[in-house]
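Take a look at the structure below.
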Amino acid sequence: MVSVGIPRALLYYQYYPMWYTFFHELRAEVIVSPPTTQVMLTAGSYRVVDDTCLPVKVFVGHVLSLIGECDYLFIPSVRSVKSKVYNCPKFLGLPDVTRAVVPESPFILDIDVDINKGKRELFKSINKLGRHFTRNQSKIRQAAMLAWQANLDYQQQMYRQGLTSPQGIERMSGGPATEPKTGASQSPSILGTIAVIGHPYLLYDELINHRFIQRLEQAHVRVLTPEMVSAEDRESAISKVVGEAHWTYEDEVVGAGEHYLSRGIDGVIGIVAFGCGPDSLMMDLVRRQARLGSTPFMSLNLDEHTAEGGMATRLEAFLDMIYRKRRQRACASA
Ligand code: SF4
């Protein structure tokens, strides 16, 4: 059986169930790289220039870990999935960058995803991808349809059941069994509710974020993430802040941030990768919105030098501030 490797990084968290379904339907074995390790991060960092953002360094580390493990690597170039809304340029060049910095990688299956070129072009690209596995066009078409349905189910499941991406992936058939579980939302002794916003590849990579979400849960905080907001709610929140979205990630940063702020939560934490251009603008918008409503906001920058101790200290200080605020409110209303 032919095997396809998928790096557990970047768009994996958004699209894994869809990708898995497509390749599985075409009778390919899907191999996902293991969770990020320090060795992977170091190896990835050596292959790219210093000022590359942390998630791309992690991605390259995952690619390196799949060498010798699979026949093909799947690395799509996702330009746009919504009309006139574009992805960060790093995603556009990902297959070419990978070929350049990891010349020994398995053959890269890439596909251009740009909805602005029309559905016909997209189907042509999907068909070209599927022809690596079968010449039967109707099989490819059916695999694509099932994959799209898996994607819709995955997104809806996270929103309806309040799941994070790793939990959603685990619940979908075929998800890797090594994902972390979160569960504080069911805890009976919740001390506060905090929205954690940012890209899923920052929120759910436990090596680079030092188990940030688990730390919050251990502190009996209910954690809300961008996947738990419906697409409609995020869009309407974006329109309040910026009018029309132009960046794909305005959704999960500005949209989710504004949505949670308008619901009156205890605080917002924005997770940003050092050197990320789009986030430097978008997270600032959320910070301003939080200030308007006097909601505590903290932005955490991640890079390969982020120390676990420093992260824990900042988190404790932020939680102290939130608890103090709650106590003051309770005293004032008593
Ligand atoms: S959005 Fe930011 S963190 Fe993500 S790939 Fe682009 S530059 Fe890197």
Side-chain angles (χ1 to χ4, degrees), residues 6-16 19 33 36 40-41 44-64 73-82 84-102 108 110-114 164-166 196-210 212-213 225-227 234 238 242 245-257 269-287 298-306 311:
I6 295 182
R8 189 189 294 255
L10 293 178
L11 296 176
Y12 157 84
Y13 295 97
Q14 269 152 307
Y15 298 122
Y16 176 72
W19 296 346
S33 54
T36 312
M40 285 157 102
L41 174 56
S45 303
Y46 274 125
R47 296 287 181 123
V48 292
V49 292
D50 280 351
D51 56 0
T52 306
C53 69
L54 179 64
V56 171
K57 290 175 180 169
V58 170
F59 181 86
V60 174
H62 280 265
V63 168
L64 290 165
L73 262 186
F74 179 56
I75 307 182
S77 164
V78 182
R79 189 176 298 260
S80 171
V81 290
K82 210 189 268 179
K84 295 187 181 153
V85 179
Y86 294 92
N87 228 334
C88 158
K90 301 267 168 59
F91 289 101
L92 277 54
L94 206 53
D96 295 329
V97 168
T98 308
R99 279 187 198 101
V101 300
V102 191
I108 293 176
D110 61 357
I111 169 174
D112 265 336
V113 179
D114 184 356
T164 60
S165 295
V196 179
I197 56 170
H199 310 307
Y201 44 84
L202 295 173
L203 265 48
Y204 305 123
D205 189 314
E206 292 185 3
L207 183 97
I208 60 172
N209 69 24
H210 300 290
F212 185 77
I213 290 181
T225 62
E227 303 82 29
R234 280 191 254 173
I238 288 173
V242 291
H246 293 96
W247 290 96
T248 304
Y249 286 122
E250 271 172 284
D251 230 40
E252 59 204 33
V253 177
V254 181
I269 299 176
I271 311 269
V272 185
F274 180 75
C276 172
D279 278 2
S280 63
L281 296 171
M282 288 188 279
M283 207 53 92
D284 194 54
L285 282 174
V286 181
R287 184 182 59 78
M298 174 171 76
S299 163
L300 277 176
N301 267 284
L302 300 181
D303 67 15
E304 55 269 58
H305 308 297
T306 303
M311 160 87 71

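As the structure lists them, so they are numbered: ligands from 1, and atoms in each ligand from 1. The first residue in the sequence is number 1, and the count goes up from there.
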Taking atom NE2 of His199 and atom SG of Cys53, what is their separation to the nearest 0.5 Å?
8.5 Å
Run through the protein N/O/S atoms less than 2.8 Å from atom 2 (Fe) of ligand 1 and write them out by chain and number.
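As for protein N, O or S atoms lying under 2.8 Å from atom 2 (Fe) of ligand 1, they are Cys276 SG.
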Are any of the side-chain heavy atoms of Leu41 and Leu54 separated by less than 4.5 Å?
yes
Any side-chain heavy-atom pair from Leu64 and Met40 closer than 4.5 angstrom?
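No, their side chains stay 4.5 Å or more apart.
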Name the orientation class of the two ring planes belonging to Tyr12 and Tyr16 (parallel below 30°, tilted from 30 to 60°, perpendicular beyond 60°).
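Tyr12 vs Tyr16 ring planes: tilted.
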Determine the interplanar angle of the Trp19 and Phe74 rings, folded into 0 to 90°, and report it as parallel if under 30°, tilted if 30 to 60°, perpendicular if over 60°.
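Ring orientation, 0 to 90° scale: perpendicular.
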Indicate the atoms forming the closest heavy-atom contact of Arg47 with Val60, along with that distance.
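Where Arg47 meets Val60 most closely, the heavy atoms are CB-CG1, 3.8 Å.
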Starting from atom 1 (S) of ligand 1, find the nearest protein heavy-atom neighbour and note its residue, name and distance.
Tyr201 OH, 3.5 Å
